[in-house]
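Along the sequence shown, the residues carry numbers beginning at 1.
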Amino acid sequence: MESGPAVFAGTAFALFGAALLLWTGARVLHRAPVAHGVSPVVSTALATVFGVLFLVLGVWCLTRV
């Protein structure tokens, strides 16, 4: 019963991280800005770091079930 919230949180984190990485990759491939009004290098780096962070956090939550 206690694993339900961990599965939900892990799935949510993993899906968000994967979607953020996919979206960032698509924006970079099309040479479109990741965030308006911010340096392209900084916005791409931060989006990638947070995407990987959320993906790792999701996988970690799923391994604790």
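Hydrophobic clustering (side-chain heavy atoms under 4.5 Å, transitive across Ile, Leu, Val, Met, Phe, Trp, Tyr) groups F50 together with W60. Both L55 and V52 belong to a common hydrophobic cluster when Ile, Leu, Val, Met, Phe, Trp and Tyr are linked at side-chain heavy-atom distances under 4.5 angstrom. A continuous path of Ile, Leu, Val, Met, Phe, Trp and Tyr side chains, each step under 4.5 Å between heavy atoms, connects F54 with L46, placing both in one hydrophobic cluster.
At least one donor-acceptor pair under 3.5 Å links the side chain of R27 to the backbone N or O of P33. Side-chain atoms of T44 never come within 3.5 Å of backbone atoms of V41 as a donor-acceptor pair (strictly under, hydrogens ignored).
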Can you list, pair by pair, the side-chain donor-acceptor contacts under 3.5 Å of residues 6-23, counting residues two or more places apart and other chains?
unit_1 : atom_1 : unit_2 : atom_2 : d
T11    : OG1    : V7     : O      : 2.7

